[in-house]
Amino acid sequence: MKENTLQENDQANVETRRSFYTAFIYGIWGVITAALAVPAGLYLLLPPAIRKESEWIDASDLGSIPPGVPTEISFQHKRIDGWKVTSEKTTAWIVRPDEGDQVTAFAPQCTHLGCAYHWEERNHSFVCPCHASEFSIQGQVLGGPAPRPLDRYEVKVEAGRIKIGSLEPHA
Amino acid sequence: MRELIDWLEHRTGIETAVKSFLYEEIPASSGWPQIMGSMALFFFLIQGVTGILLAFNYAPTPGEAYNSLRYIMTEVTGGRLIRGLHHWGASMMIVVVVLHMLQVFLFGAYKKPREATWMMGVVLLLVTLAFGLTGYLLPWDNRAYWGTVVTTQIAAGAPGAGPYLVRLLGGEGVGVVTFARFFAAHVVLLPPLTLMLIAVHVYLVRKHGVAPAAVETAPRKKFYPQQVYKDTVGFFVAFIVLFLMAVFVQVPLEKLADPTDTNYIPRPEWYFLFLFQLLKSFKGPFEIVGSTVLPGLAILVLFCIPLIDREPMIRLGKRVFAMAFAALALVGWGGLTAQAIMTTPPNPGGRAPGFDSFQLRDWQKLTPEELSGLTFFRTQNCIACHPGAGKKGTGPDLTQMPDNHRNVAWMVSHFKEPPEVTPGSAMPAVRLRDSELNALSLFVLKLTPENEEELLLAPVEAVKGANIYRESHCSACHQLHGAGMKIGPPLDGVGDRRNRKWLEQHFRDPKSLSPNSKMPAYKFDEAQMDALCSYLLQMP
């Protein structure tokens with residue numbers, strides 16, 4: 001009788017120890033995996049720290065833009081691409097109202113799949129050659145598959161010069 | 001869950017495979033000393049994971065490599081941590097591998113029938129060292145560059161094989177080809193090779209079973225869970241140490257590799273320091289003894305240990321000779337390493353490896369003569385017509401000059417008579433002395449779209465100081481940023497060694513501070529002294 005209990009006790013001890021080992025192994029492996037996976041996730045998914053604040057680029061002379069007719073201008077801008085900062089040429093469609101200095105600058109890509117669109121004077125609209133998206137002079141979608149209005153740059157006019165900033169976040 | 005496992009088991013037999021792996025029988029005497037092999041595998045996995053992550057943001061070409069690594073460390077979220085884990089993980093892996101080897105050696109576990117397991121282990125040690133050696137070059141900073149220059153020179157000196165080794169390592173000098181070879185070895189060749197060798201090594205361990213002690217009294221036990229638990233404790237402790245090091249100990253990233261930096265004292269990673277020191281003890285024709293013969297012999301002896309010692313297993317306590325041998329090796333290794341650390345002076349500028357170089361402004365990367373040209377760029381108001389990249393001015397963009405204008409001779413003659421050299425040029429002639437036109441040309445040639453904006457903002461005092469440096473012909477005796485003669489001491493990072501008071505006194509009366517100095521006294525007025533000192537103290 002007594003011996004029996006001892007054996008049972010032993011058996012119970014072995015079981016407890018075994019489940020402790022198992023729990024410990026799973027737990028620690030979980031902790032180590034998490035300690036590697038979380039930084040790895042942040043490393044791959046979070047955007048890198050921003051190196052420089054956006055700056056205003058002197059893009060064009062306001063006088064060279066005819067009022068009421070969208071005009072494409074080109075300018076150099078700094079592109080931060082990972083560890084490289086490159087200066088590259090880019091363009092914008094500038095719309096100058098008939099009166100006042102409140103110009104608008106549209107990014108030159110169609111919001112559908114990024115093709116370069118152009119101004120059609122006949123239709124009085126921006127037309128994308130790829131899938132026939134059409135935008136009004138205010139950038140609103142008039143037709144075609146484009147999912148949202150044209151993207152805009154921040155823009156201001158100083159002393160008769162058009163200054164272009166960064167892309168405005170779209171809604 | 002059970003159903004899923006059964007389904008998988010039926011299709012793949014995975015459960016049986018895992019179980020037979022985990023329920024492998026091991027000697028009752030196995031315990032803590034036997035965890036080192038698993039630990040080495042654990043560190044190999046950590047190196048694999050962190051290495052892959054680094055590769056996602058790394059450009060494997062010289063120059064770009066440095067910029068991308070700097071990007072990883074300063075801009076990418078968690079980048080510093082990942083590099084820290086990889087860098088310190090490498091060191092810890094060496095430690096663990098050596099401890100593993102030491103344990104197997106002391107316990108006599110290499111004896112019959114486990115000779116091949118040991119030999120495969122020695123090959124794995126060499127592969128691990130090869131990882132360290134090739135990885136050392138990849139940051140492409142001064143430390144990496146100069147360390148590898150020495151390594152390749154040693155390889156070149158190997159008797160007989162030297163010239164072939166040089167070609168294998170990418171030819172004379174450390175450049176793009178050597179870099180590509182090291183990168184390919186570190187990332188493409190070694191990882192799969194190591195995996196295969198580990199597979200063979202583990203297969204052999206399993207084939208012969210974990211080595212029993214000389215006398216086993218208790219019955220054999222299972223690998224899982226008790227031994228796995230001990231392994232896991234080991235992983236956990238090692239991982240905590242590694243993580244803390246990655247977070248708190250700065251990983252070195254020095255200045256961009258500079259092949260013209262003649263003051264740099266190359267040194268290898270700490271685990272190679274003993275070889276570095278050994279090399280110093282052999283001079284002239286005997287150098288290959290230290291560089292090739294002795295290390296080669298050591299590896300050979302290590303490899304052949306199971307063939308040399310063919311005695312049957314005895315108790316650990318009786319292995320006096322083995323213990324003495326291991327102790328001697330450790331003392332020798334430790335002594336050489338300590339000696340190397342104590343006898344190698346810190347690099348000029350006392351530059352603690354680290355982030356100083358990140359804050360280097362663009363103007364600090366110019367030689368004194370180049371920077372002095374900015375003085376004239378400002379006084380001549382060049383910017384009025386050449387407003388900079390992306391801006392429209394009367395004159396052309398100076399960062400985009402055609403290649404045939406990119407030399408001092410063309411520029412100086414152009415400055416003197418613009419319309420003569422460039423018909424139709426509306427630029428007025430620049431009336432300066434030839435030496436000043438030279439400096440101005442050198443400065444303009446340094447302009448790029450990336451640095452232009454920052455260069456033009458260089459502090460007035462420093463630029464003035466650089467001009468005084470040029471006018472006083474300091475570079476006739478001193479080197480600064482790689483330019484100038486070496487009659488006097490180099491002035492790089494003089495601010496780390498001397499303060500302004502010392503410099504001023506030294507200019508007024510050099511002999512009062514350095515009795516053997518050949519430098520003449522300079523009578524600068526207060527403004528000149530201020531500018532010159534301010535410039536010198538700011539140069540890295």
Side-chain angles (χ1 to χ4, degrees), chain A residues 14-52 55-61 64 73-90 160-164, chain B residues 42 45-46 49-50 52-54 56-59 64-72 74-85 222 224-240 242-243 246-247 387-392 397 399-400 448-453:
Chain A
V14 168
E15 279 304 313
T16 331
R17 226 188 307 158
R18 208 184 147 81
S19 51
F20 164 73
Y21 286 151
T22 317
F24 185 87
I25 291 166
Y26 282 107
I28 294 302
W29 280 77
V31 168
I32 293 176
T33 311
L36 286 175
V38 171
L42 298 177
Y43 175 87
L44 293 175
L45 300 175
L46 283 193
I50 291 167
R51 217 178 324 187
K52 275 176 190 143
E55 45 191 60
W56 293 97
I57 300 160
D58 185 295
S60 175
D61 196 3
S64 65
I73 60 162
S74 69
F75 54 95
Q76 290 280 331
H77 86 142
K78 245 189 227 165
R79 196 162 86 97
I80 297 179
D81 179 10
W83 52 89
K84 278 189 111 155
V85 182
T86 42
S87 171
E88 64 178 22
K89 208 173 121 175
T90 187
R161 305 280 306 169
I162 297 176
K163 312 256 177 177
I164 291 194
Chain B
F42 174 70
L45 293 178
I46 299 239
V49 171
T50 51
I52 288 169
L53 286 171
L54 287 176
F56 279 146
N57 274 318
Y58 174 79
E64 286 283 279
Y66 179 81
N67 289 336
S68 59
L69 191 59
R70 206 171 69 168
Y71 166 77
I72 290 174
T74 55
E75 288 169 49
V76 179
T77 317
R80 247 194 72 183
L81 175 70
I82 304 283
R83 179 168 185 237
L85 290 172
K222 303 257 192 263
Y224 182 86
Q226 205 187 23
Q227 187 64 24
V228 176
Y229 159 77
K230 286 179 179 159
D231 284 348
T232 305
V233 172
F235 299 164
F236 190 47
V237 172
F239 187 74
I240 290 176
L242 172 61
F243 206 87
V247 171
K391 292 175 198 147
K392 205 166 150 20
D397 183 349
T399 65
Q400 309 285 346
T448 66
E450 288 77 36
N451 71 12
E452 181 178 51
E453 203 174 335

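Looking at B/Asp231, there are no atoms closer than 4.5 Å to chain A (heavy atoms on both sides), in backbone or side chain. If you measure heavy-atom distances from B/Phe235 to chain A, the contacts under 4.5 Å come from both the backbone and the side chain. At a 4.5 Å heavy-atom cutoff, the contact between B/Ile82 and chain A is made by side-chain atoms alone. Proximity to chain B (any heavy atom under 4.5 Å) is shown, for A/Ala59, by neither the backbone nor the side chain. The part of A/Leu44 that comes within reach of chain B is its side chain, from C-beta onward, which places non-hydrogen atoms under 4.5 angstrom from that chain. B/Phe239 touches chain A through its side chain: at least one heavy atom from C-beta onward sits under 4.5 Å away, while N, CA, C and O do not. In this structure, the portion of B/Leu85 lying under 4.5 Å from any heavy atom of chain A is its side chain and not its backbone.
Between the CH2 atom of A/Trp83 and the OH atom of B/Tyr66 there is a distance of 15.0 Å, given to the nearest 0.5 Å. Taking CG of B/Leu53 as the start and CG of A/Leu36 as the end, the distance is 8.5 Å to the nearest 0.5 Å.
Using bins of under 30°, 30° to 60° and over 60° for the plane-to-plane angle, the ring pair A/Tyr21/B/Tyr229 lands in the tilted bin.
Looking at every heavy atom in both residues, A/Arg18 comes nearest to B/Pro225 through NH1-CD, 3.4 Å. For the pair A/Pro48 and B/Tyr71, the tightest heavy-atom approach, listed with the atom from each and the gap, is CG-OH, 3.4 Å.
Ranked by heavy-atom pairs shorter than 4.5 Å toward chain A, the options B/Ala59, B/Gly79, B/Ser68 are led by B/Ser68. When each of A/Ile32, A/Val31, A/Thr22, A/Leu46 is checked for heavy-atom pairs under 4.5 Å with chain B, A/Ile32 comes out on top. Most heavy-atom pairs under 4.5 Å with chain A: of the set B/Ile46, B/Leu81, B/Val233, this distinction falls to B/Val233.
Heavy-atom contacts from other residues, nucleotides or ligands closer than 6.0 Å to CZ of A/Phe20 number more than 12.
Applying side chain to side chain contact (heavy atoms under 4.5 Å, CB included) to A/Tyr43 and the options B/Leu54, B/Thr77, B/Thr50 leaves one that passes, B/Leu54.
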